Enquirer: 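What follows is a single structure, and I will ask about it in a moment.
Numbering starts at 1 and runs along the sequence shown. Computation of the quantities below employed the complete heavy-atom set of this structure, encompassing side-chain atoms and omitting hydrogens, waters and symmetry-equivalent molecules. No experiment lies behind these values; they were computed from the predicted model shown.
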Amino acid sequence: FILWQMDPRSTLYHIPALFAVRGKLDTSRLEAAFAGLLQRHEALRTAFVIRGEEPVQIVRHAVNFHLERLALPWQADPGDPRFLERAGKGFFRPFDLGEPPLLRAAVGTYGPDEHLLLLDMHHIVADGTSLAVMFRELMDLYSGRELPPPPQPYTDFACWQERRRASDEFQALEEYWLREFAGEIPVLELPTDLSRPAVQSFAGDTVEFTLSEAETAACHRLAETVGATPAMVLLGVYALLLSKLSGQDDIVIGQAEA
């Protein structure tokens with residue numbers, strides 16, 4: 001929320017998605033499915049505002065959702081970057097965190113039974129795990145399937161977190177890490193092939209790879225041997241890689257709390 005306040009016009013913390021849909025598409029039913037999804041999940045009906053000096057969440061009882069329509073060129077190639085750029089122009093735009101829903105969708109037709117579905121969400125109400133749940137439920141609602149109530153409202157989870165933060169165990173952990181970072185925090189100095197720009201641009205790339213079956217098995221064996229999880233082993237490998245590249249021994253890695 002604080003990052004959004006610093007630059008409300010930024011779309012950096014958005015989660016955009018684009019899907020090519022083939023076959024008959026009932027846009028009215030799709031719009032109703034999105035509306036049902038918003039009604040199921042409080043996070044999608046949450047506003048984020050400042051009260052006093054603190055950011056707070058306000059869950060709306062109901063919010064209006066409108067499926068936007070895209071004017072697409074007929075017989076366009078969905079693999080053409082120019083087509084995708086034109087389709088998304090004006091759709092991917094900043095959210096106002098005080099005005100839910102922080103989710104928008106648009107659909108357009110570009111050929112016989114060929115459609116384009118665009119989604120945009122703010123990261124403050126969704127992540128990779130919740131997106132998988134959302135897409136599955138959206139398809140169920142569109143198909144007319146009746147879904148059971150969500151197992152636990154997000155507000156219950158937030159209350160549990162607050163109780164946990166007030167516990168003696170959490171306070172001891174917080175004091176430990178505050179002592180650890182009381183001094184100067186080391187800055188990671190990685191070798192680069194280009195000079196750093198004066199202004200951060202967030203322009204980057206992604207390198208994807210897959211562990212083989214043998215490598216995955218070895219990771220699990222090592223984790224079991226040392227009493228850790230595979231995620232902890234992989235995080236250790238990542239820290240070792242950064243250490244080798246930078247020549248530094250003290251590596252600070254941020255990780256979101258699950």
Side-chain angles (χ1 to χ4, degrees), residues 1-5 7-19 21 24-71 87-88 90-109 115-163 256 258:
F1 183 83
I2 303 302
L3 293 173
W4 172 79
Q5 278 192 313
D7 186 7
R9 304 304 300 170
S10 173
T11 58
L12 181 63
Y13 294 98
H14 287 211
I15 307 177
L18 184 151
F19 302 93
V21 182
K24 298 294 183 182
L25 182 64
D26 187 333
T27 55
S28 297
R29 179 182 292 185
L30 181 61
E31 187 172 59
F34 272 109
L37 195 68
L38 267 62
Q39 196 57 41
R40 279 179 59 79
H41 297 288
E42 292 179 343
L44 302 180
R45 293 182 276 110
T46 299
F48 299 84
V49 299
I50 292 290
R51 282 188 175 174
E53 297 182 355
E54 295 292 328
V56 298
Q57 297 169 267
I58 301 175
V59 179
R60 308 293 189 194
H61 176 69
V63 293
N64 293 323
F65 178 83
H66 172 67
L67 183 65
E68 300 178 23
R69 301 304 195 270
L70 301 172
F91 173 77
F92 296 109
R93 56 191 186 272
F95 284 107
D96 179 353
L97 298 194
E99 294 295 333
L102 302 182
L103 172 153
R104 64 174 64 100
V107 66
T109 300
H115 319 275
L116 198 65
L117 174 62
L118 271 62
L119 298 178
D120 194 16
M121 297 183 68
H122 199 283
H123 199 3
I124 200 170
V125 297
D127 57 14
T129 301
S130 56
L131 280 178
V133 174
M134 187 191 81
F135 291 142
R136 183 174 64 249
E137 292 188 351
L138 180 66
M139 294 301 98
D140 286 341
L141 291 169
Y142 179 81
S143 300
R145 299 187 184 95
E146 186 174 347
L147 299 178
Q152 184 181 41
Y154 182 77
T155 47
D156 288 355
F157 172 73
C159 291
W160 170 82
Q161 275 195 322
E162 285 300 310
R163 291 194 299 270

Enquirer: If only atom types and distance count, is the side chain of R104 paired as donor or acceptor with the main-chain N or O of E68 below 3.5 Å?
Expert: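 No; zero donor-acceptor contacts below 3.5 Å.
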Enquirer: Going by atom type alone, with no hydrogens or angles, which donor-acceptor pairs under 3.5 Å involve a side-chain atom of residues 124-138 and a protein atom two or more places apart or on another chain?
Expert:
residue	atom	partner	partner atom	Å
D127	OD1	T129	N	3.2
D127	OD1	S130	N	2.8
D127	OD1	S130	OG	2.9
S130	OG	D127	N	2.7
S130	OG	D127	O	3.1
E137	OE1	R40	NE	3.1
E137	OE1	H41	NE2	2.6
E137	OE2	R40	NH2	3.0

Enquirer: Would you name the heavy atoms of L141 and G36 that are closest together and state the gap between them?
Expert: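 Residues L141 and G36, closest heavy atoms: CD1-C, 3.9 Å.
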Enquirer: Which heavy atom in F92 sits nearest to a heavy atom in P16, and how many Å separate them?
Expert: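 Closest approach of F92 to P16, heavy atoms only: CE2-CB, 3.4 Å.
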Enquirer: Which heavy atom of F65 sits nearest a heavy atom of A35, and at what distance?
Expert: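 That closest heavy-atom pairing would be CD2-N, 4.4 Å.
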Enquirer: Just how far is it from atom CG of L44 to atom CD of Q39, taken to the nearest 0.5 Å?
Expert: 10.5 Å
Enquirer: The criterion is ring pair (Phe, Tyr, Trp, His ring centres under 6.0 Å); which residues satisfy it with F95, sequence neighbours excluded?
Expert: H14
Enquirer: Can you tell me how far apart CD1 (I15) and NE2 (H123) are? Round to the nearest 0.5 Å.
Expert: 5.0 Å
Enquirer: What heavy-atom pair brings A47 and G98 nearest, and what distance separates the two atoms?
Expert: CB-O, 3.6 Å
Enquirer: Around atom CG of N64, are there more than 12 heavy atoms of other residues, nucleotides or ligands at under 6.0 Å?
Expert: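 Incorrect, the count does not exceed 12.
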Enquirer: Is the shortest side-chain heavy-atom distance between L102 and F48 below 4.5 Å?
Expert: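 SC-SC contact between L102 and F48 confirmed.
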Enquirer: In chain order, what residues pass the side chain to side chain donor-acceptor pair (under 3.5 Å) check against T155, with sequence neighbours excluded?
Expert: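 Checked T155 against side chain to side chain donor-acceptor pair (under 3.5 Å); matches are E42.
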Enquirer: Could you give the distance from CG (L118) to CG (L67), rounded to the nearest 0.5 Å?
Expert: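 The CG atom of L67 is 10.5 Å from CG of L118, to the nearest 0.5 Å.
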Enquirer: Among L25, V21, T27, whose side chain to side chain contact (heavy atoms under 4.5 Å, CB included) with L117 holds?
Expert: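 In the set L25, V21, T27, the residue that makes a side chain to side chain contact (heavy atoms under 4.5 Å, CB included) with L117 is V21.
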Enquirer: Output every pair passing salt bridge (charged side-chain N to carboxylate O under 4.0 Å, His left out) with a member in residues 44-65, not counting sequence neighbours, ordered by first then second residue.
Expert: none
Enquirer: Taking only residues two or more places apart in sequence, or in another chain, which ones meet F91 in a ring pair (Phe, Tyr, Trp, His ring centres under 6.0 Å)?
Expert: none
Enquirer: On a heavy-atom basis, which atom in T11 and which in P94 lie closest, and how many Å separate them?
Expert: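 T11 and P94 have their closest heavy atoms at CG2-N, 3.8 Å.
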Enquirer: Filter on salt bridge (charged side-chain N to carboxylate O under 4.0 Å, His left out), then keep only pairs touching residues 145-161, sequence neighbours left out; what's left?
Expert: D140-R145
Enquirer: Between L119 and F34, does the side-chain contact (heavy atoms from CB on, under 4.5 Å) criterion hold? Intermediate values first, please.
Expert: CA-CA 11 Å; L119 298 178; F34 272 109; 3.3 Å; yes
